[in-house]
Amino acid sequence: MTIQIFNSLSRQKEPFVPLEEGKVKIYVCGPTVYNFIHIGNARPVIVYDTVRRYFQYKGYDVKYVSNFTDVDDKIIKAANEMGEEVSELTERFINAYFEDITALGCKKADVHPRVTNHMDDIIEFISVLIEKDYAYESQGDVYYRTRKFDGYGKLSHQSIDDLKVGARIEAGEKKDDPLDFALWKAAKPGEIHWSSPWGEGRPGWHIECSVMAREHLGDTIDIHAGGQDLTFPHHENEIAQSEAYTGKTFARYWMHNGYINIDNEKMSKSLGNFVLVHDIRQQLDPQVLRFFMLSVHYRHPINFAQDLVESAKSGLERLRTAYSNVQHRLTTTTDLLDNGDEWTQKIAEVKKQFEDAMDDDFNTANGISALFELARIANTYLNESNTEERVLKAFIETFDQLGEVLGIQFKVENHILDDEIEALIEERNNARKNRDFAKSDEIRDKLLAMNIVLEDTRQGTRWKRGL
RNA sequence: GGCGGCUUAGCCAAGUGGUAAGGCACGGGUCUGCAACACCCUUAUCACCGGUUCAAAUCCGGUAGCCGCCUCCA
């Protein structure tokens, strides 16, 4: 089935038809690297990583580009405060970014372009806009002539005249029109700067994405994505820049994810409720965080709160338990059952259910419910006294495949039996045979104190580490 | 002022015309030496009012509350 994508341009779901058959070109607006990322920054990374994984699952050849904005006002300010060079600061936080997103199960993009590596391209791009009279120089700055671009407002569905009401007019205005925005900013004394035809300076905020998207993906890309708040002005301005430059459609599908609130409040500096990924992953399995985020549709807001995360954790635990229970049976299976087709059929249905959910604008919430269904079926199957190896393997394979799409692993690592535990389990089983339950329970408690949870089954005792 | 979103069981969350998925928590049952895991059962008419329709949580109009964007912002 065709994937349906909610396109912010049309405000409705549209069947996804790639520009080039079998290929998808995706550009996701990346972070401005002046601090560790917070969980709000993490949401788009997780969401679009999942989008990308699903395209790959469907057999698409995906080229995924996500930038680093490594020079801007906030970075300069932070570098000054820290007393370090801009490049040192950004390097630090780029490394931290990779650590964070890797922990969250996100793959690196195919390309992570940086603004500072594209200065020539940016300057060339701006020069062309000036030539075409879409931009003008003013006292060392360069501004985009917003009113000249006919489609302005088509993404955010604002009419240009309504925007004017809200536009700020700052003191010492160098713009012809308040709606115009900066492509190039003249450097203030002591600021990091690059040479350009308009003097020493640095790029404005929006130009880098237009330039780097084109540089790495071409004039027209399939999907451009980012947080909801980037719709205006950032993405609107990107469209204006790129389409003025190329005369072609910039991005065919625009995807925007919703916000994250903390305990029902917006994250803000004044409230001091920023949750950094770097911090939270010390206390919380990052897979749980990812699972939690994917349990809500990407366009809806998420409320981040302790009890909600706990409940997501219990859910993920259930899936993992089902997985390891199948694995356990795989070590003892007797291959006597002869009705495997009935079960592989059920597995196929779950897979279909999952794909239908994901085809529908990447509805991961429903995709996850398909996984719970898979777990239920698997557990029911395990209640059979005899099982077939191929069916058990089909369960494992399906868990792995669908988990791969979501970036969630159900397989729990660290499952090596250590000798001491093994010996204790054996001792306990001997005690149970002798109906010495006092001793048996004592050993179980002892193991529990070591965070080892025992489960007795007809196929023997299995164990797992508590979470 | 302009544009947009949200309101579904105790909590979370799908569902955008045909009579409410799933998860967490709770209760009951089965399994177990006990437990754990698991399975089964039980739990809502969808903020409110009105309209359209054979049929609405789903469409239209209105009311209330909450929220976002309108050049810092994922």
Side-chain angles (χ1 to χ4, degrees), chain A residues 8 11 13 28-32 37-48 72-74 146 153 156-159 161-168 170 178-182 204-206 225-234 236-237 256-261 264-269 292 295-297 299-303 305 307-319 321-322 324-325 328 353 357 360 363-373 375-376 378-380 382-383 432 435-438 440-441 444-445 448 453-458 461-464 466:
Chain A
S8 303
R11 283 184 175 161
K13 288 180 192 171
V28 178
C29 285
T32 299
I37 58 167
H38 58 248
I39 59 174
N41 296 309
R43 165 117 99 146
V45 183
I46 290 171
V47 164
Y48 303 117
D72 96 320
D73 291 335
K74 293 191 294 289
T146 302
S156 51
H157 302 271
Q158 302 269 345
S159 91
D161 294 312
D162 291 335
L163 287 172
K164 196 181 174 186
V165 176
R168 288 183 201 163
E170 288 162 24
L179 286 170
D180 295 349
F181 58 91
W205 173 36
H206 316 290
Q228 221 161 51
D229 51 336
L230 293 183
T231 308
F232 191 90
H234 187 57
E236 198 71 73
N237 290 354
H256 293 99
N257 59 276
Y259 289 95
I260 289 184
N261 293 318
N264 285 315
E265 287 184 306
K266 186 178 176 176
M267 271 192 281
S268 76
K269 282 193 176 133
F292 173 66
S295 68
V296 179
H297 186 88
R299 281 189 281 114
H300 292 179
I302 292 183
N303 185 35
D307 54 335
L308 302 181
V309 173
E310 283 301 322
S311 118
K313 181 177 167 182
S314 301
L316 179 58
E317 207 169 325
R318 176 177 157 78
L319 297 177
T321 301
S324 67
N325 289 353
H328 177 261
Q353 186 188 335
D360 183 15
N363 194 328
T364 52
N366 281 340
I368 285 172
S369 70
L371 278 161
F372 279 111
E373 180 70 7
R376 211 200 87 242
N379 285 326
T380 302
L382 292 177
N383 280 147
R432 290 178 69 222
R435 305 193 67 79
D436 182 356
F437 297 122
S440 141
D441 288 349
R444 185 168 61 197
D445 288 345
L448 190 61
V453 180
L454 295 189
E455 291 163 6
D456 298 322
T457 76
R458 271 184 233 168
T461 302
R462 63 187 180 219
W463 68 278
K464 64 180 180 184

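A quick note: this is a predicted structure, and the numbers were derived from the prediction, not measured. Naming convention: chains lettered A, B, ... in sequence-line order (proteins, then strands); numbering from 1 in each chain.
For A:W205, whose side chain is taken as the heavy atoms from C-beta onward, the closest listed nucleotide among B:rC72, B:rG15, B:rC39 is B:rC72. Proximity note for A:L308 (side chain, C-beta onward) versus B:rG33, B:rG4, B:rC12: the nearest is B:rC12. Side-chain proximity of A:N366 to the nucleotides B:rC73, B:rA21, B:rC37 is greatest for B:rA21. Taking every side-chain heavy atom of A:T32 into account, B:rA74 is the closest of B:rA74, B:rC24, B:rC3. With B:rA38, B:rU71, B:rA74 as the choices, the nucleotide that has an atom nearest any side-chain atom of A:N237 turns out to be B:rU71.
The side-chain ring of A:F437 is stacked on the base of B:rG33, judged by centre separation under 5.5 angstrom and plane angle under 30 degrees.
Summarising the base pairing, B:rU16 is matched to no nucleotide, lacking a Watson-Crick or G-U wobble pair whose two defining distances lie under 3.5 Å. Shown here, B:rG50 forms a base pair with B:rC60; the pair counts as Watson-Crick or G-U wobble because both key distances fall under 3.5 Å. Nucleotide B:rG33 forms a pair with no other nucleotide shown, judged by Watson-Crick or G-U wobble geometry with both contacts under 3.5 Å.
Inspection of the A:N41 and A:H38 side chains reveals an N or O donor paired with an N or O acceptor under 3.5 Å.
In this model, the phosphate group of B:rG4 is approached by a side-chain N or O of A:R11 to a distance below 4.0 Å at OP1 or OP2. For B:rC39, one of the phosphate oxygens OP1 or OP2 lies less than 4.0 angstrom from a side-chain nitrogen or oxygen of A:N379. Contact between the side-chain N/O atoms of A:H300 and the OP1/OP2 oxygens of B:rA14 is found at a separation under 4.0 Å.
For the pair A:S369 and A:S156, nearest-nucleotide mapping onto RNA chain B gives the more 5' position to A:S156.
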